[in-house]
Amino acid sequence: MSIIITDSGFFSNYQDAKVSPNHPGPSVDLKSDFDPKDITQELLQARCIRIELPSFADGRAFTLAILLRSHGYTGHLRAVGYILADQYTMVRRSGFDDVEISEELAIRQPKKQWQDRADWRRHDYQGRLREQTL
Amino acid sequence: MKLNQFLKVITANNLRSGLVTYMTDNYEWVSNLGDAAVITDADLAKAGLAFAESQSDVVVGAYLSDVKQDELGLTAIHFRDKFRSQGPANVTNGKQGI
Amino acid sequence: MTTLGGAAGFEVIVGGGLGRTPMIGKTLREFLPAADLLPYVEAIVSVYNLLGRRDNKYKARIKITVHENGIEEIRARVEARYARLKTLFKGADQQLLQQIEAHFKAPEFICEKAPEFDAFKEESPGFCSWVDTNITAHKAEGYAIVSISLKKHGDTPGDATAAQMRVMSELAKKFSHDELRISHEQNVILPHVHRSDLPTVYRALRTANLATANIGLISDIIACPGMDYCALATARSIPIAQQIATRFAKLELEHDVGLLKLKISGCINACGHHHVGHIGILGLERAGVESYQITLGGDAGAEAQLGTRAGPGFGAKDIVPAIERLVLGYIELRADADETFLQSYQRLGAAPFKALLYPKEK
Amino acid sequence: MYHYSSFDQDFVNTRVEQFRAQVARRLDGSLTEDEFKPFRLMNGLYLQLHAYMLRVAIPYGTLNSRQMTQLAMISERWDKGYGHFTTRQNIQFNWPKLEDVPNILEALAEVEMHAIQTSGNTIRNITTDHFSGAAADEIADPRPIAELLRQWSTDHPEFQFLPRKFKIAVTGSAAAAPSPALMTLVCG
């Protein structure tokens, strides 16, 4: 059993994103060593893409999420695996919609620690620098 | 340099202070190498290290350090462990003079 | 297009670095317009994040990534990523840069001829040699850049006591438009001091043991903390630096020897930058004891040069006498008093210097 | 001398409280040492041979007198009365205690200083010539660029868990720049 974590908290029986017209493709799981050259039109049709972090110290998934969004992917993007509450802000800012961790990992990281970082748009140096005006 | 005798101590850094610390006979932690438990048996050493590693709320980075016993008392064999037991050479307030 | 107060843009160099496999950087882009800085740097780090090795931390730095994939492959990936990123920056970054530049307006310099303080020079010969070594030309007429040496003979290179920090703080407030800098060589700098204030600054520094006139000399040693402090070190660095500095102070030869960058690292991670020292010392462990290898001919200047190993390492008791033989020998070998150690080495090559270090093998 | 905007100050104050919570979670056991270590390093705190070591950022090596005085106070109050200035334009305190570090970071924030990203597998403190803005042969002062890069690299969501540390230097002096009109940006 795994826990889905969003801005509004913990969900254990979260219904995955419903099939929507412009995302007819099946759900796809990617590993962190996925090569961006393999981003195809077919992949961009996926209903949901789940990228696995083998370790919280392996930051490749953040670049992969940014690249998928930059190639126009608008489906559901989920970070899965060994993720710590302290990473929730960078996960959301990289373009992920939510996080999926094991129940066991969730026990050591209660909801409050994730909620403390749910306001992930604040203190965003990079977002600020990309605006039209300051 | 073959050790004729198996002599080790268990050392680590204190989690809160970061200072060098050594395990005693009754599984407590002291800052002076001279007060450390001298372990002469490999299995005991392994068990002691496992216990130290289980105390992750007290110490960090526990490991077995080779020592020798002579008229000077207990001294570390590797020069790195000797420096660890003495403190930095350039600070006059000596070994971890807090 | 915004210009950076005179510069039109950047040359971008990537993959340089010292450490266990030192490398000179390669040019990724000859010219990058000033306004495209952030998307381009973001592209470099983004490419590195996916391409850098995560299986071996000793092969993970970008210099290895560049070395293993080749600069062309890196350039192709960076340029592709940059093309997409460029569109995301719509101007706020350049506005912020202008706001930031306002914070760095030069202070109002009082530019009038400064006295030559001849009277003071007679009274204090120490002041003369201090002006020779610790003062650098300033762009505003009548001003000077003061380097405060944290390398008093026998002290730990780069250390300053709380009391010394307060003295430097006071001097900055009174005489350097409230500004200090930290140098790449573990010293502190008062960047804007009017020349007429130099005697007062010198006297204040002297009372705080901060007036050592040895910037750029052999006792102005860069030394990493080494095994006295660092968990990664394989040998100590600080005691070696202290002994070399006190030895040459006794010999009273420093000023005669002149410019000589001596740098000490306590392991191959090279935080003491020994590779680019005119004389570099690398502390290792050999047969259960500390052993110090000497490298020669390194240069951190514009034409960056990595030093080459002179031969087998010296024990902790032999390294300082070896350095002494090397430097005294240089004084004999140099063409004239103005030829620096590095220039002599470049002119004569390694052989005569190796002979000084390993006399038995001559 | 760059002075923090309210945005900068809020960011640094929030970051101090985040680290305070991370230290508490390490002490109560909810974070293991392996999990705590990257966050400790990203806030400048190493565990060295004899003790912890806090590396404080001095961006492009520039300090004012109030900041230098605060560093003196910190060295007396939480260390042994001395600091070590490094070759990458930072200062290191050699004997801080883990539980005191959040308060030290708070004292640094009071004078617009921090220890963010002075360690860890992220983008480190941006360095420049130590004579910037003063040297006779300088074409342009690179420090504004270094400050822009500092803000861009602070807490960058994509770059907190890189394969290894990433260092950027910007030089403006004619001596280093190959052609007069360019600054040099070095990434290593």
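Each chain gets a letter, A, B and so on, in the order its sequence line appears, and its residues count up from 1.
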Counting only heavy atoms closer than 4.5 Å, note whether [X] contacts chain C via side chain, backbone, both or neither.
X	answer
D:L47	backbone
D:T122	neither
D:N94	side chain
D:Y2	both
D:S75	side chain
D:L63	both

To the nearest 0.5 Å, what is the distance between [atom1] on [X] and [atom2] on [Y]?
X	Y	atom1	atom2	answer
D:L185	C:E11	CG	CD	10.0 Å
D:I91	C:Q186	CD1	CD	12.0 Å
D:M68	C:K173	CE	NZ	13.0 Å

Could you name the residues of residues 146-163 of chain D that have a heavy atom within less than 4.5 Å of a heavy atom in chain C?
-> D:E147, D:L148, D:L149, D:Q151, D:W152, D:H156, D:E158, D:F159, D:F161, D:L162, D:P163
For chain C, which residues of residues 28-38 of chain D have heavy atoms nearer than 4.5 angstrom |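 Counting heavy atoms that sit under 4.5 Å from chain C, no residue of residues 28-38 of chain D is involved.
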Counting only heavy atoms closer than 4.5 Å, note whether C:L180 contacts chain D via side chain, backbone, both or neither.
-> both
Largest heavy-atom contact set with chain D, pairs under 4.5 Å, which of [options]:
options	result
C:C230, C:A172, C:A102, C:G16	C:C230
C:D159, C:L50, C:V14	C:D159
C:L171, C:L38, C:V45	C:V45
C:G52, C:A160, C:A233	C:A160
C:I44, C:T156, C:V66, C:L37	C:L37
C:M168, C:H273, C:R29, C:K63	C:H273

State whether the side chain of [X] and the backbone N or O of [Y] hold a donor-acceptor pair below 3.5 Å, judged by distance alone.
X	Y	result
C:Y48	D:R164	yes
C:S169	D:S65	yes
D:H130	C:R181	no

Is [Y] close to [X] at the side-chain level, that is, under 4.5 Å between some pair of heavy atoms?
X	Y	result
C:Y229	D:Y46	no
C:H103	D:H3	yes
D:T184	C:F10	no
D:N90	C:I182	no
C:L97	D:P144	yes

If you measure from the Lys or Arg side-chain nitrogens to the Asp or Glu carboxylate oxygens, is any gap between C:E179 and D:R143 under 4.0 Å?
->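 Yes, charged N to carboxylate O under 4.0 Å.
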Ring center gap for D:Y60 and C:F104 short of 6.0 angstrom =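 Yes.
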For C:H184, does the NE2 atom sit with more than 12 other heavy atoms under 6.0 Å from it, leaving out its own atoms?
-> yes
Non-hydrogen atoms of C:K139 and D:G133 that approach each other most closely = CE-O, 3.2 Å
